[in-house]
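First the structure, then my questions, so here it is.
Numbers restart at 1 for each chain; the letters A, B, ... are given by sequence-line order, proteins then strands.
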Amino acid sequence: MALDNHFFSFKTEEIARNLLGQYLCRETEEGLTSGLIVETEAYLSEHDPACHASSGKTKRNATMFGPPVRAYIYFIYGNYFCFNVVTAPEGKGEAVLIRAVQPLEGLDLMLQRRGAQCSINNLSSGPGKLCQAFAIDKSLDGHDLRQKPLYLKENKTEYDRWQVEATPRIGISSAQDKLLRFIISGNKYLSR
DNA sequence: GTTAAGATCTGCT
DNA sequence: GCAGATCTTAACG
């Protein structure tokens, strides 16, 4: 059910690509919300100045250097959280940013969290937005993503039929030549 | 102690 | 399409 250790035994770029089409599930007292991952970005430990880990371990990015399959969550621009999955063995410092999901279950709850004037294709089409819709915050930093209340679930249908595209990452000011953003081509719920 | 920059979003033009 | 909001983090003095 939950994504296993084998899934995370590959290179971070490959994991980022493979995460497309998998499920992200979140359980709270208010109910269940889930979505299909449609956009990810890989952040590498070597030759990647855009990665938070590139200038060494700090208090903020310590989770990134910890064991894999954990959530690395940080606060940005005074308002928003970003949700990452740690992908490399302890000490390395690599992660995959989940940038957008296609909402599946718990639409009402997501609308409620995001504000009523929000439309369905505006619910979780961006890193800050999906954290709001899924009620993800700093308290889940370091959480093991194989367990409730926040976990990744295998999609058993044939997601290979979806066309995957690699593009430059968004919102960074360095290493823009690297094609480390992965999207399900043509999906309606991409951040752009 | 102080400062500058940031893996963003929203609203307005 | 563009600027403003907003505040934590880390680097520097």
Atom CG of A:Asn79 and atom P of C:dT9 are separated, to the nearest Å, by 14 Å

- Task: Mark this stacking check for A:Tyr77 against C:dA5 as yes or no, applying ring centres under 5.5 Å and ring planes under 30°.
- Result: no

Please map the stems of DNA chain B, keeping only stretches of three or more Watson-Crick or G-U wobble pairs with both distances under 3.5 angstrom.
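Stems (3+ consecutive pairs) listed as B:1-6 with C:7-12, B:8-12 with C:1-5.
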
Rounded interatomic separation in angstrom, taking CZ from A:Phe75 and P from C:dC7 =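 Rounding to the nearest Å, CZ of A:Phe75 and P of C:dC7 are 7 Å apart.
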
Quick note, A:Tyr74 side chain, CB onward, closest among C:dA10, B:dT8, B:dA7 is B:dA7

In this structure, how many angstroms lie between the P atom of B:dT8 and the CD1 atom of A:Ile170, rounded?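 These atoms are roughly 8 Å apart.
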
>> Regarding A:Glu30 and A:Arg113, does a basic nitrogen lie under 4.0 Å from an acidic carboxylate oxygen?
In response: yes

Next on the checklist: Taking only side-chain N and O atoms of A:Ser173, does any of them lie within less than 4.0 angstrom of OP1 or OP2 on B:dG6?
Outcome noted: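 Looking at the OP1 and OP2 atoms of B:dG6, one of them is under 4.0 Å from a side-chain N or O of A:Ser173.
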
Apply side chain to side chain donor-acceptor pair (under 3.5 Å) to residues A:Asn5 and A:Arg146 and explain how you reach the verdict. CA-CA 9 Å; A:Asn5 292 335; A:Arg146 288 163 292 204; 2.5 Å; yes

Starting at atom CZ of A:Phe81, determine the distance to atom P of C:dT9, rounded to an integer number of angstrom.
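Rounded to the whole Å, the gap is 10 Å.
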
Aromatic ring centroids of A:His52 and A:Tyr74 under 6.0 Å?
yes

| side-chain N/O A:Arg60 vs B:dA5 OP1/OP2, d < 4.0 Å |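 The answer is no; no side-chain N or O of A:Arg60 sits under 4.0 Å from OP1 or OP2.
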
A:Gln132 CD to B:dC9 P, in whole Å, measures 9 Å

Query raised in the report: Would you say A:Arg181 reaches B:dA7's phosphate, i.e. side-chain N/O to OP1/OP2 under 4.0 Å?
Result: no

Could you state the atom-to-atom distance from CG of A:Asn122 to P of B:dT8 in whole Å?
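Atom-to-atom, A:Asn122 to B:dT8, this comes out as 16 Å.
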
(Q) Looking at A:Lys188, I'd like to know if its NZ atom is crowded, meaning that more than 12 non-hydrogen atoms belonging to other residues, nucleotides or ligands lie closer than 6.0 Å. (A) no

Taken to the nearest whole Å, CE/A:Met64 to P/B:dA7 is 11 Å

Using the rule that Ile, Leu, Val, Met, Phe, Trp and Tyr join whenever any side-chain heavy atoms are under 4.5 Å apart, tell me whether A:Val85 and A:Tyr80 fall into a single cluster. no

*asked:* Do A:Leu140 and A:Leu3 sit in one hydrophobic cluster, given that two such residues count as connected whenever their side-chain heavy atoms are within less than 4.5 Å of each other, even indirectly?
replied: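 Yes, it is one cluster - the side chains of A:Leu140 and A:Leu3 are joined through contacts under 4.5 Å.
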
Judged by nearest nucleotide, the residue sitting upstream toward the 5' end of DNA chain C, A:Ile76 or A:Asn61, is A:Ile76

Are A:Arg169 and A:Asp48 ion-paired here, with the side-chain N under 4.0 Å from a carboxylate O?
-> yes

(message) The side chain of A:Lys59 is closest to which nucleotide in this list: C:dA10, B:dA7, C:dA11?
(response)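 Closest nucleotide to the A:Lys59 side chain: C:dA10.
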
Exercise. Base, sugar-phosphate alone, or nothing: which one does A:Arg169 contact when heavy atoms must sit under 4.0 Å apart?
Worked result: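 The answer is nothing, as A:Arg169 stays clear of every strand by at least 4.0 Å.
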
When rounded to whole Å, the CZ to C1' distance for the pair A:Arg99 and B:dC9 reads 11 Å

